[in-house]
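What you see is a predicted model; the values in this text were computed from it and never measured. Numbers here are sequence positions counted from 1. Excluded from the calculations below are hydrogen atoms, water molecules and symmetry mates; all remaining heavy atoms, backbone and side chain alike, are included.
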Amino acid sequence: MSNDAAVTENPPPSRRAKHEKQPLSQQEAAAKRAKAEKIGRTVAVFIMPLMIVGMMIWGYLGAMHHQSATNMPVAISATSSAAAGDFARALEAENADAVDLRIVDSAREARELVYDREVTAAVDLDGDAATLYTASSAGMSATSAITAVLTPVIVEQSLELSSQDLAPLPENDSMGMGAMLLATAMITAGYMPWSLAFSNSPELLKRRRALPLLGGWSILLSGLGILVGGPILGVIPAASTLPAWSTLALGVFAVGAGQLLLTRIFGAMAVIPGMLLFMVLGQPASNMGMSVYTLPKIFPFLHQFLPMPALGEAMRSVLYFDGDGAGVHILILAGGAVAALLLVALIDALRIAKGKSDIPTQVNVASLHGGPRPKNKAWRYITLAAVPFGMIAIMLSAMLGAMQTPAPREMPVAVVGSSMEQAQQTVDSLKESMEDQFVFTAMDNADDARYLVESQELTGAFVLPSAHSPEASIYTAQASGNAASQVVVQVFTQIGQSQEMAVDHQELAPLPEHDNMGTVAMYLGMGWVMAGFMVIMVGSTAAPHLRPLQNLIPLVAVYSAFMSAVLYLIAGPFTGAVEGHFWQLFGTGMLAIFSVAMLTTVFNRLMGMVCLIPTMLIVMFLGVPASNGALSIYMEPRIFTILHDVLPMPAAVEAIRAIVYFDGAGVSSHLVVLGIWALACLALTLVIDQLKPVQTSSHPISAEELAALQGRALEAKASEAAASADAIDAEAVDLADAEAGGSAAEDREKDAVSV
């Protein structure tokens with residue numbers, strides 16, 4: 001045999017190892033599986049927040065960073081058809097894409113269309129006069145948008161304009177926030193509990209239990225909404241209590257039925273399609289905060305059937321229109337609930353026919369409070385209900401209480417005169433009629449006032465006419481807060497006109513076209529905050545081995561960089577909401593995400609997933625009103641002006657605003673706030689870890705509970721009974737043998753005696 005043949009038949013050990021896989025021992029196989037599971041769980045810590053936060057921020061920024069009127073329905077009536085046609089042609093020539101015109105026969109018909117919310121506005125022409133009909137209760141955003149479109153055309157036609165609000169909002173809900181926030185809270189109450197129950201108490205998802213629980217939960221949570229919105233905050237009139245309660249209860253029930261269906265289809269991942277349908281798409285499509293006619297075309301279509309728009313519009317009808325128009329939206333909710341429950345029954349029947357369980361048979365989150373799983377089911381169920389109940393209660397109280405009646409409150413404004421005496425006299429006069437609404441600063445130098453407005457120390461300045469400038473001027477910085485800028489312009493334009501002054505508005509920091517409402521900073525900051533919160537919530541349950549600080553700090557640092565880059569991509573290249581400033585926003589985002597993650601860690605160490613309540617209170621339910629994002633802090637209760645300087649959400653929003661619109665001026669103070677939160681919470685976590693050992697594994701589930709959940713309880717009892725029967729039989733055999741042996745011995749003894 002040749003040497004080559006010998007080498008081929010007997011390859012060296014190193015070459016044999018390449019061709020032949022050595023079998024693993026049981027210990028090696030177990031170690032390999034454990035390692036793969038750890039890697040998978042660590043990856044999940046990145047993937048789940050990426051999907052949830054990325055989906056939400058992409059949806060909100062993509063929908064709402066740029067708003068323009070599109071196909072807004074408008075009715076036109078006139079004393080002659082020729083006049084109506086001429087005005088319609090002039091309007092279309094100026095705003096071809098903005099309006100969808102309808103010429104009607106009479107002013108009465110036009111008013112009815114506005115009140116019934118079939119059109120956003122109506123114009124009635126009578127000679128040289130034009131009356132603009134709107135209904136602010138149908139949506140302040142729509143009213144503002146259509147007024148901005150129609151007014152210039154009416155003025156260009158040399159028509160004398162008068163306006164009439166056919167359905168004004170009540171004084172205690174002057175922005176229509178009551179219907180929107182109540183609907184948002186009830187939508188959350190509908191889908192949130194089932195996601196928690198799926199992981200913690202899946203036996204509650206069985207249909208015979210789920211339906212009565214859903215009914216009771218709907219009545220309870222809608223009652224909470226009525227309590228907070230009615231007697232406590234006064235948003236819900238006493239006469240509307242029962243209609244509002246039943247409408248909110250139906251909304252919770254419909255969304256809960258829909259989420260129950262999603263859990264049957266998607267399992268533990270049902271939270272993602274649930275948030276997509278009910279919040280990410282539902283909120284912009286609701287026509288509540290922003291008109292669907294100012295958003296991309298998909299949202300007017302979604303407005304017709306999603307539950308959030310249906311509930312919001314039904315509540316709008318109940319609260320502001322004496323129930324008129326609520327019927328169609330209630331039918332949508334009821335029909336959706338029935339369809340969802342029928343599909344749940346069908347899926348359950350198919351699974352049972354295949355011999356499968358109709359509910360999950362594993363528990364992914366043994367305990368919500370961070371300790372061992374309660375042995376008493378009652379305590380487990382109480383905790384399970386307390387988390388969403390507490391969250392909804394805080395959401396309604398904090399956010400609705402903050403934003404139900406926005407009005408100027410101690411808004412800082414400068415009054416500039418040609419001399420200090422003139423400025424002070426004007427300030428004294430204004431204080432008499434605007435007590436507590438503005439904090440006036442008398443000045444005699446317009447350039448100094450301009451600087452203070454540009455540096456965001458003032459919301460605006462009113463410059464009185466002088467020998468050098470016969471016009472009064474209003475200075476604002478729209479980029480520092482669009483809502484405050486609008487208030488300053490509106491109020492001081494009226495003051496100037498009342499004194500027969502010509503008023504010139506000078507915008508010192510205009511918003512760019514791609515962020516014409518100034519919401520980008522708020523939504524990007526919200527993305528940072530949610531990313532920091534989510535990594536701890538997911539990691540504490542999916543990957544408890546990462547909870548010790550020596551593992552957690554490197555993970556959160558890498559995760560913060562990853563999510564900051566992802567959120568910039570969403571805000572920048574993907575949606576076009578931000579242009580440039582990558583490194584500044586990337587670094588600030590890392591710090592914001594890390595600081596919120598450390599804050600969440602403190603509460604998570606103390607109370608497990610129940611930390612959802614205090615963490616969301618600090619970073620979202622107090623943080624959003626205090627952020628100076630959607631609404632100026634000078635239009636909310638005084639407490640939010642104080643919180644604006646200390647909470648992480650306002651620091652994140654103001655840092656983004658400073659970077660994007662003011663070339664980084666003033667950003668350092670906001671970075672200091674975020675840094676203090678990060679260091680203080682890290683230090684507090686170190687103290688907690690010294691007092692309380694860190695749990696690095698999931699709490700165990702008893703075999704009996706798992707057996708009952710998996711439908712093996714009866715089987716186990718039968719096996720136990722069979723084993724007991726076998727033991728009794730064996731004992732009987734032993735006794736029989738013993739008796740037989742004793743009889744044989746006696747016979748032998750008798751034989752021996754006879755012999």
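Of the possible donor and acceptor atoms, none in the side chain of Gln695 sits under 3.5 Å from a partner among the backbone N and O of Ser540. Ser218 contributes a side-chain N or O that, together with a main-chain N or O of Phe253, makes up a donor-acceptor pair within less than 3.5 Å. Listed for the Tyr523 side chain is no donor-acceptor partner under 3.5 Å among the backbone atoms of Gly62. No donor-acceptor pair under 3.5 Å is formed between the side chain of Ser286 and the backbone N or O of Gly312. Of the possible polar contacts, none joining the Ser240 side chain to the Ile236 backbone as a donor-acceptor pair under 3.5 Å is found. Side-chain atoms of Asp173 never come within 3.5 Å of backbone atoms of Val235 as a donor-acceptor pair (strictly under, hydrogens ignored). Between the side chain of Trp245 and the main chain of Ile219, a donor-acceptor pair closer than 3.5 Å is present. The closest donor-acceptor contact from the side chain of Ser201 to the backbone of Ala197 lies at 3.5 Å or more, if one exists at all. Judged by distance alone, the side chain of Ser141 and the main-chain N or O of Ser291 form a donor-acceptor pair under 3.5 Å. No donor-acceptor pair closer than 3.5 Å links the side chain of Asp348 to the backbone N or O of Ile352.
Applying the 6.0 Å contact sphere to CD1 of Ile265 captures more than 12 heavy atoms from other residues, nucleotides or ligands.
Using a 4.5 Å cut-off on side-chain heavy atoms (C-beta onward), Ile618 and Phe603 make contact. Counting only heavy atoms from C-beta outward, the side chains of Thr696 and Pro548 approach each other to under 4.5 Å. When side chains are defined from C-beta on, Trp677 counts as touching Leu647, because their heavy atoms get closer than 4.5 Å. Considering only heavy atoms from C-beta on, Met537 stays 4.5 Å or farther from Thr541 through its side chain. Met315 is not listed as a side-chain neighbour of Tyr320, based on a closest heavy-atom distance of 4.5 Å or more. By the 4.5 Å heavy-atom criterion applied to side chains, Ser564 and Ile593 are counted as neighbours. No side-chain heavy atom of Asn200 sits less than 4.5 Å from a side-chain heavy atom of Tyr381. The closest side-chain heavy-atom distance from Met269 to Ile272 is below 4.5 Å.
Atom CD1 of Ile57 sits about 14.5 Å away from atom CZ of Phe574, to the nearest 0.5 Å. Separation of atoms CG (Leu346) and CZ (Arg351) is listed at 11.0 Å; rounding is to 0.5 Å. We find the OG1-CG distance between Thr42 and Asn551 to be 9.0 Å, quoted to the nearest 0.5 Å. To the nearest 0.5 Å, atoms CE (Met616) and CZ (Phe621) are separated by 4.5 Å. Atom CE in Met534 sits 6.0 Å away from atom CE in Met48 (nearest 0.5 Å). Between the OG atom in Ser222 and the CG atom in Leu182 there is a gap of 10.5 Å [rounded to 0.5 Å].
Under the rule for a salt bridge (Lys or Arg N to Asp or Glu O under 4.0 Å), the partners of Arg41 that lie at least two apart in sequence or sit in another chain are Glu37. Residues passing the side chain to side chain contact (heavy atoms under 4.5 Å, CB included) test with Met140 are Ser136, Leu169, Met175, sequence neighbours excluded. In this structure, the side chain to side chain contact (heavy atoms under 4.5 Å, CB included) partners of His369, at least two apart in sequence or on a different chain, are Ser367, Pro374, Val610.
The aromatic rings of His303 and His329 sit perpendicular to each other, their planes meeting at more than 60°, with 30° as the lower class boundary. Between Phe305 and Phe301, the ring planes are perpendicular. Angles over 60° get that label, and only those under 30° would be called parallel.
Summarising the geometry of Pro625 relative to Glu636, their closest heavy-atom pair is O-OE1, 2.5 Å, with the distance given to 0.1 Å. The two residues Val365 and Met609 have their closest heavy-atom pair at CG1-SD, 3.7 Å. Here the closest non-hydrogen pair linking Met64 and Pro284 is CE-CG, 4.1 Å. Scanning all heavy atoms of the two residues, the minimum distance from Pro637 to Ala402 falls at CD-O, 3.5 Å. Residues Tyr559 and Val45 come closest through the heavy atom pair CE1-O, 3.9 Å. Between Ala626 and Leu643, the shortest heavy-atom contact is CB-CB, 3.9 Å.
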Taking it one step at a time, do Leu384 and Leu204 satisfy side-chain contact (heavy atoms from CB on, under 4.5 Å)?
CA-CA 11 Å; Leu384 182 61; Leu204 298 180; 3.7 Å; yes
Go through the steps for Val535 and Met563 under the test side-chain contact (heavy atoms from CB on, under 4.5 Å), then give the verdict.
CA-CA 10 Å; Val535 66; Met563 285 301 296; over 6 Å; no
Is there a side-chain contact (heavy atoms from CB on, under 4.5 Å) between Tyr60 and Leu524? Walk through the geometry before answering.
CA-CA 9 Å; Tyr60 287 171; Leu524 181 56; over 6 Å; no
Please test Leu50 against Phe562 for side-chain contact (heavy atoms from CB on, under 4.5 Å), starting from the C-alpha separation and ending with a verdict.
CA-CA 9 Å; Leu50 171 65; Phe562 169 71; 4.0 Å; yes
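With hydrogens and angles left out, the side-chain atoms of Thr263 and Trp194 include no donor and acceptor closer than 3.5 Å. No side-chain N or O of Arg547 forms a donor-acceptor pair with one of Thr601 less than 3.5 Å apart. A side-chain N or O of Glu313 and one of Asn287 form a donor-acceptor pair less than 3.5 Å apart. No side-chain N or O of Arg605 forms a donor-acceptor pair with one of Thr685 less than 3.5 Å apart.
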